[in-house]
Every structure is written in structure tokens, then in C-alpha cells.
Amino acid sequence: MELVNKRLTRHLLMGIAAYILFAGLDVCFTLKGIQGDVFLEGNPLMKYMMESFGPLKGLLIEKTLVFILALTVAVISYSGIEKDSDWIYYLTLSKMTKNWMKRKKRYTIAFIPLYIVAAAQGIAALSWVKLLFSE
């Protein structure tokens, strides 16, 4: 049980740290890039949030909602793996991956959504770096 808690803690900390770092960079670069003109934002949801709450608050609210959703999915998936719930195996894409997951508890799988949204934030921040500093 202690090893399980260490895995949970490690993956949670890595996912949370990566998300906060990359989302923070994306917020900074987005604010610098749009320079107050929300109409330069390409994402319609982000644009709506920024128009409704202001650029900074809109970005922070949207990033927080995405983080909460990804974290919730990760924790629910983790508990499904821990309890060996049947529903977790419906997420597998093939019989081979289902067997792979059943041989050993694959806790890392639960945190993939959190890692994906963190990576997406990193890609968004890198795209701003390219736009802002390639001139």
C-alpha cells in the first residue's frame, strides 16, 4: 500500500508541476502576444472567457477548469485501477492492451490525461515563443 501511495504522489506531483509550469508560461506568453486585443485569440472558448472576465482572469479560469477536469479524470481512473474495476478495461483499445493491463496494475495509465493536457499547454507556450521571438 505504501508503494501505491508513493506512485500516486509521484505521478500527481509530476503532472501538477508540469501543468502549472506550462499553463503559466502559456498565460504569460498569451498576454504578451495579444497585448490586450482578445480578438487575436484563436481558441473560441478561450476568447469567450477572456471577453467575459478580462484577459488574465479569463485565462486563469479556463486553465483552472481544464486542470480540475484532467485531475478528476486521473484520480477516478487511478481509483478504478486500484479497485480493479471492470469499467477501466473498457478504455483499452485492443485485447492485447487489456491483457497487458490485467497482468499488473498500470497506475501510470491513469495519469495520461493529466500529462496530455500539460503537454498541450507546453506546445501552446512554445507556439507563442515561436510567434513572439522569431521576428
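In this chain, numbering begins with 1 at the start of the sequence shown.
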ask   = For Ser77, which residues count as a side-chain hydrogen bond (donor to acceptor under 3.5 Å, both in side chains) partner, sequence neighbours excluded?
value = none

ask   = By side-chain contact (heavy atoms from CB on, under 4.5 Å), which residues pair with Leu31, not counting sequence neighbours?
value = Val27, Pro55, Leu56, Leu59

inquiry  = The criterion is side-chain contact (heavy atoms from CB on, under 4.5 Å); which residues satisfy it with Leu13, sequence neighbours excluded?
reply    = Thr9

task = Treat each ILVMFWY residue as a node, draw an edge where side-chain heavy atoms are under 4.5 Å apart, and state whether Ile20 and Leu65 are in one component.
result = no

inquiry  = Is there a path of hydrophobic side-chain contacts, each under 4.5 Å between heavy atoms, that joins Leu45 and Leu40?
reply    = no

request  = Quick one: which residue pairs count as a side chain to side chain donor-acceptor pair (under 3.5 Å) with a foot in residues 12-24, not counting sequence neighbours?
outcome  = none

query = For Lys57, which residues count as a side-chain contact (heavy atoms from CB on, under 4.5 Å) partner, sequence neighbours excluded?
reply = Phe53

ask   = Are Phe67 and Val117 side-chain neighbours, meaning at least one heavy-atom pair lies under 4.5 Å?
value = no

query = Side-chain heavy atoms under 4.5 angstrom apart, residues restricted to Ile, Leu, Val, Met, Phe, Trp, Tyr: same cluster for Leu25 and Leu126?
reply = no

message = So which atom in Tyr78 and which in Ala110 form the shortest heavy-atom distance, rounded to 0.1 Å?
response = N-CB, 3.4 Å

request  = Treating Ile, Leu, Val, Met, Phe, Trp and Tyr as nodes and any side-chain heavy-atom pair under 4.5 angstrom as an edge, say whether Phe133 and Ile34 lie in one connected cluster.
outcome  = yes

request  = Determine yes or no for a side-chain-to-main-chain donor-acceptor pair under 3.5 angstrom, with Ser52 supplying the side chain and Met49 the backbone.
outcome  = no

note = When rounded to the nearest 0.5 Å, the distance separating CG of Leu114 from OG1 of Thr72 is 10.0 Å

ask   = Is it true that Tyr115 and Ile123 fall in one hydrophobic cluster, defined by side-chain heavy atoms closer than 4.5 Å?
value = no

task = Taking the side chain as every heavy atom from C-beta outward, state whether Leu12 and Leu71 have any pair of such atoms under 4.5 Å apart.
result = yes

query = Hey, what's the ring geometry for Phe111 with His11, parallel, tilted or perpendicular (30° and 60° as the breaks)?
reply = parallel

request  = Any chance you could measure Met50, atom CE, to Leu60, atom CG, to the nearest 0.5 Å?
outcome  = 10.5 Å

inquiry  = Tell me which pairs pass side chain to side chain donor-acceptor pair (under 3.5 Å) where either residue lies in residues 26-48, with sequence neighbours left out.
reply    = Asp26-Thr30, Asp26-Lys63, Thr30-Trp128

Which atom of Ala125 lies closest to which atom of Phe22, heavy atoms considered = CB-O, 4.2 Å

